[in-house]
Amino acid sequence: MNILSFGSMNIDYVYQVPHMVRPGETLDSFGMETFVGGKGLNQSVALSKAGLSVCHAGMVGEDGEILLHALTQNGVDTRFVMQREGKSGHTIIQVDESGQNSILLYGGANRSLTEEEIDEVLSHFSKGDFLILQNELNLLPKLVEKGWEKGLTVVLNPSPLNEVIGQCDLKYVSVLLINEIEGKELSGEEDPEAILDVLLKRYPHLKIVLTLGSLGAEYADASLRLHQDIFPVKTVDTTGAGDTFTGYFIHGLANGVPMEETLRRCAMASALAVSRKGASPSIPYMEEVLRAFEQEKKK
Ligand code: RIB
């Protein structure tokens with residue numbers, strides 16, 4: 001079984017701010033750092049740090065060496081990362097004193113894929129392989145459909161949420177990882193249990209993870225429902241926490257780890273990620289996650 005993460009790669013320009021900039025306001029930042037991120041890249045790094053072999057596919061621009069280098073450094077196979085003229089994707093991220101973020105995204109090269117390029121990459125994968133997707137690439141509905149046609153296990157994190165998600169047919173998706181806002185939009189319901197009920201009624205084959213911020217996460221499929229609390233930590237920067245959860249979830253699924261244990265690892269990995277700065281650099285290795293459980297036991 002192969003894992004293909006087809007996704008965005010962004011250069012994240014991160015500013016420490018006292019509060020998020022208001023309309024019309026000019027705000028002094030306390031500091032600025034550049035990190036390597038993008039939901040796709042973060043998820044690939046999380047998959048790799050959790051212990052899976054992962055191929056990343058996507059598009060960078062002329063300034064994309066830093067992104068390729070970060071993937072390689074983190075053990076991700078970059079043979080399907082393409083490069084073309086123009087700028088890579090980038091973001092302007094504000095992180096406030098409570099560690100919350102606000103992200104302005106410029107898609108750049110991430111949004112320039114052609115159907116031919118997608119077909120070429122997918123031709124190297126076959127039935128039973130995993131295809132991990134988020135919504136920072138163009139042609140997402142095509143990618144979802146083409147992945148399903150090839151018999152791949154399609155994993156979708158419909159983030160950032162926009163009109164494109166409505167064009168993706170969830171009957172082609174096997175695993176859906178959503179937050180509360182995405183859950184509300186997809187189901188029309190507010191209550192977490194109702195969100196899961198509606199989505200499972202429509203798509204009984206789905207495995208769904210619904211993350212609820214400080215309230216933890218819910219897992220649901222046709223025969224199982226589980227709740228996972230968060231592990232409380234001092235929040236430094238929430239950027240990439242959801243991507244960390246996704247990577248660790250797929251690791252558990254692909255390795256047949258019992259769902260309770262998978263969710264526990266996801267929660268601990270995300271807790272470690274929010275206690276550190278940046279997106280991909282904040283993602284912990286599996287050894288760190290398992291060590292953190294040992295320390296929990298001693299408390
Ligand atoms: O999920 C976090 C990521 O979202 C950041 O790394 C940023 O690049 C945006 O894509």
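Start at 1 and go down the list; that is how both ligands and their atoms are numbered. All values reported here derive from a predicted model rather than from experimental measurement. Residue numbers start at 1 and run along the sequence shown.
Annotation: ligand 1 has protein neighbours Asn10, Asp12, Gly37, Gly38, Lys39, Asn42, Thr91, Ile103, Glu136, Thr239, Gly240, Asp243, Ala279, each with a heavy atom less than 4.0 angstrom from the ligand.
Ring to ring, Phe125 and Phe80 are close: their centroids are under 6.0 angstrom apart.
Residue Leu272 belongs to a hydrophobic cluster whose other members are Phe231, Tyr248, Met268, Met286, Val289, Leu290, Phe293, with links defined by side-chain heavy atoms closer than 4.5 Å.
Remark: Thr235 engages Thr238, Val274 in a side chain to side chain contact (heavy atoms under 4.5 Å, CB included) (not counting sequence neighbours). Applying the side chain to side chain contact (heavy atoms under 4.5 Å, CB included) criterion to Leu161, with sequence neighbours excluded, gives Ile165, Ile181, Glu182, Glu185.
For the pair Leu140 and Cys168, the minimum side-chain heavy-atom distance is below 4.5 Å.
Judged by distance alone, with hydrogens and angles left aside, the side-chain atoms of His251 form a donor-acceptor pair with the main-chain N or O of Ala50 at under 3.5 Å.
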